[in-house]
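The structure appears below as structure tokens.
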Number of protein chains: 2
Amino acid sequence: MTVTLADVAARAQVSPATVSRVLNGNYPVAVATRERVLRAVDDLDYVLNGPASALAAATSDLVGILVNDIADPFFGIMASAVQSEIGGPGGRAGGERMAVVCNTGGSPERELTYLTLLQRQRAAAVVLTGGASEDPEHADAIARKLRRLTEAGTRVVLCGRPPVPDTGAVALTFDNRGGGRRLTEHLLRLGHRRIGYLAGPEGRTTTRHRLEGHREALAAHGVEDDPALTVHSPYDRRSGYDATDELLRRAPDLTAVLAANDTVALGAGAALRDKGLRIPADVSVAGFDDLPFSIDASPALTTVRLPLQEAGARAGRIAMGKEEPPPGGVATVHGELMVRGSTGGPR
Amino acid sequence: MTVTLADVAARAQVSPATVSRVLNGNYPVAVATRERVLRAVDDLDYVLNGPASALAAATSDLVGILVNDIADPFFGIMASAVQSEIGGPGGRAGGERMAVVCNTGGSPERELTYLTLLQRQRAAAVVLTGGASEDPEHADAIARKLRRLTEAGTRVVLCGRPPVPDTGAVALTFDNRGGGRRLTEHLLRLGHRRIGYLAGPEGRTTTRHRLEGHREALAAHGVEDDPALTVHSPYDRRSGYDATDELLRRAPDLTAVLAANDTVALGAGAALRDKGLRIPADVSVAGFDDLPFSIDASPALTTVRLPLQEAGARAGRIAMGKEEPPPGGVATVHGELMVRGSTGGPR
DNA sequence: AGGCGCATAGCAAGCGCTTACCATCCGCAG
DNA sequence: CTGCGGATGGTAAGCGCTTGCTATGCGCCT
């Protein structure tokens, strides 16, 4: 039924060992023999049996990339960058490394399950992107799992997520707090005092850090932090729209809306416009991440640019062992404030 | 070093066979025994060896999803939908199905390599999303590969891509031609006669079909199809921007710009604005796909909405054998014209 | 001419798991 | 009290490939 190494060997009149060797190219094989084997492979349409090979060799060339939401360009951009460094098919000729992205949907259970699956496959490396859940139980489970992975020789890199101590995982953390602070400072400097904040889902590191940055800035400027001005909602456009309605209901006097992410900011902008409010004349709006579409919003979105591409690429290189991990296994990636048309002085 | 089935068996005082059976749960095992085994698994932190298991069982639960550009929400949305139907971790309790997305970058070679990799892993199913290359040689190679996959029992589903006859692959095709036609008709009805067309990269089915629809509409209305009005460029914002500059240089008298995709349309909009042209007062702009951000553009983008989510979900269900393939193995998915603020009558 | 060493190729022992088939053990019918 | 069938558990034969070690053949040195 299916063609095996032995079949190829028979047709090429050599031993299975020889076929294996020409296929892996890590052992001298005479040119004539090699060609005979290659021809046989071709004639028979032979395809290596991955599991058998991985079992015998006790290694695999799988690299897993975990993302919270694959439909969100924030993750797509990082995943793409990681993957471009993995090489993947097309990288080096023989480098049959396979980078696979796994969509956790932000669920810690799924994250854990995917890690186990990757562990089962004896993955060569795993890159976890984006913020993490803060549920202590899950955080613990994840930490344990990461430790086991690194112990088994799997390289683990966190990209855009806080370090997890004592796991051997390398972390490229985003300076979410600093970005949040700078964004709020920008609005404060423009004269805003009543700033609505769309904070993202609760219980996630990204949400908390950006919010903390926001509050730091408020405190530093002696502005009261009215709890009514903060609304939590998922990281998508629709939720941003709804949350903005809520915000407007609670505090009709706000002069600015800060969103924890560009997608949410877009939803906020739509909600404001639908209420007849002009941006930034009536209300300023700002986001976070600087996704590609943000510059095309109306008006262009003020936001914090995160070098997703660069960070992802670096994570990929570290995962491949092509680059030294940062000293201490932790590096912080900073964002840059991009002031554009969506923010201005309060009315 | 690593814990194996045998270790667990020893600790639970049963045979390896029994352990395997409780793990796979497809054979009666006394409750007491099962619990003893599970405890041992837990105590030892045992993780099944995927390759070994796949080899012995001669099956795998891998499902591959091929996308052209993972950073593009067009693909992200489909991939996410496919994956939600696969179940993935978290689907059913025991359903350790792993959906992996593979980023081909639009390169036929990579596409082929990923298919081979998936074939190596004896994937349970493969979903190919988005348009395909039209290079006859590659098309042939892909067709051959798909045939071999289906012959080996791998379910193959094409989502948003034309059918490939005689391969056993099920196709959910997008009506790109019809969408292109309706979009152009919309502009023609508004009175436009000089319509620039940003066509996407050459040699791809999506590009060609949308362009053909555009030309059909022009022909049907007796409007001359000036070659200078069509520019090819990659499917990204930057390219859309540049191509629009080129278009404006070639035909300063155009009154509308039609883009083969929303992302490109956004770039076009930016280019027009930077030239001081107002949308739609001076130039109308339209896109294709209706990605989530399109409604937030300035002004909101007229476009053709493709039910990416629904199509992806259906593809996933078919791939899982949860839904009957359409009769003949081919179904056409239609788009819906969404008229919004970015199009209006010519100046 | 004899021997040595290198370049190749083959042998065979697993890698860790699944599963067909067989062995037990027990309860209960006869 | 014997025998039989169902419920469990064990035995062992692979699954297809990799790789350490061994065997072979040949050119060339002394």
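Lettering follows sequence order; numbering is per chain, from 1.
A heavy atom lying under 4.0 Å from DNA chain D marks the following residues of residues 49-58 of chain B, by number: Leu55(B), Ala56(B). Residues from residues 31-45 of chain B placing a heavy atom under 4.0 Å of any atom in DNA chain C do not occur.
Remark: Thr104(B) pairs with Asn68(B) by the side-chain hydrogen bond (donor to acceptor under 3.5 Å, both in side chains) rule, at least two apart or across chains. Looking at residues two or more places apart in sequence or on another chain, you find a side chain to side chain contact (heavy atoms under 4.5 Å, CB included) between Ser53(B) and Leu48(B). Not counting sequence neighbours, the partners of Ser107(B) by the side-chain hydrogen bond (donor to acceptor under 3.5 Å, both in side chains) test are Glu109(B).
Atom C1' of nucleotide dT18(C) and atom CZ of Arg120(A) are separated by 14 Å, given to the nearest angstrom. Taking atom CG on Leu23(B) and atom P on dT19(C), their separation rounds to 12 Å, with Å as the unit. Atom C1' of nucleotide dT19(D) and atom CG of Asn24(A) are separated by 10 Å, given to the nearest angstrom. Distance CG (Leu5(A)) to C1' (dC11(C)): 15 Å, rounded to an integer number of Å.
Leu5(A) places a side-chain heavy atom less than 4.5 Å from the side chain of Ser20(A).
Here the straight-line distance linking atom CD1 of Ile70(A) with atom CD1 of Ile70(B) works out to 4.5 Å at 0.5 Å rounding. Between atom CG of residue Leu158(B) and atom OG1 of residue Thr167(B) there is a gap of 6.5 Å, rounded to the nearest 0.5 Å.
In Asn26(A), the CG atom is crowded: over 12 heavy atoms of neighbouring residues, nucleotides or ligands sit closer than 6.0 Å.
With 3.5 Å as the limit, one finds a donor-acceptor pair spanning the side chains of Thr18(A) and Ser15(A).
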Between the protein and nucleotides 10-13 of chain D, list every N/O to N/O distance that falls short of 3.5 Å.
| residue | atom | partner | partner atom | Å |
| --- | --- | --- | --- | --- |
| dG10(D) | OP1 | Ser15(B) | N | 3.4 |
| dG10(D) | OP2 | Ser15(B) | N | 2.9 |
| dG10(D) | OP2 | Ser15(B) | OG | 2.9 |
| dG10(D) | OP2 | Thr18(B) | OG1 | 2.5 |
| dG10(D) | N7 | Arg21(B) | NH2 | 2.7 |
| dG10(D) | O6 | Arg21(B) | NH1 | 3.2 |
| dG10(D) | O6 | Arg21(B) | NH2 | 2.9 |

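The residue Val29(B) sits close only to the backbone: its heavy atoms come under 4.0 Å of sugar-phosphate atoms, none of a base.
Among the candidates Val170(B), Leu128(B), Ile318(B), Leu115(B), the single residue satisfying the side chain to side chain contact (heavy atoms under 4.5 Å, CB included) test with Val156(B) is Leu128(B).
Contact between Ala132(A) and Arg161(A) at its shortest, heavy atoms only, is CB-NH1, 3.4 Å.
Panel note: side chain Arg122(A), backbone Ala58(A); no donor-acceptor pair is recorded below 3.5 Å.
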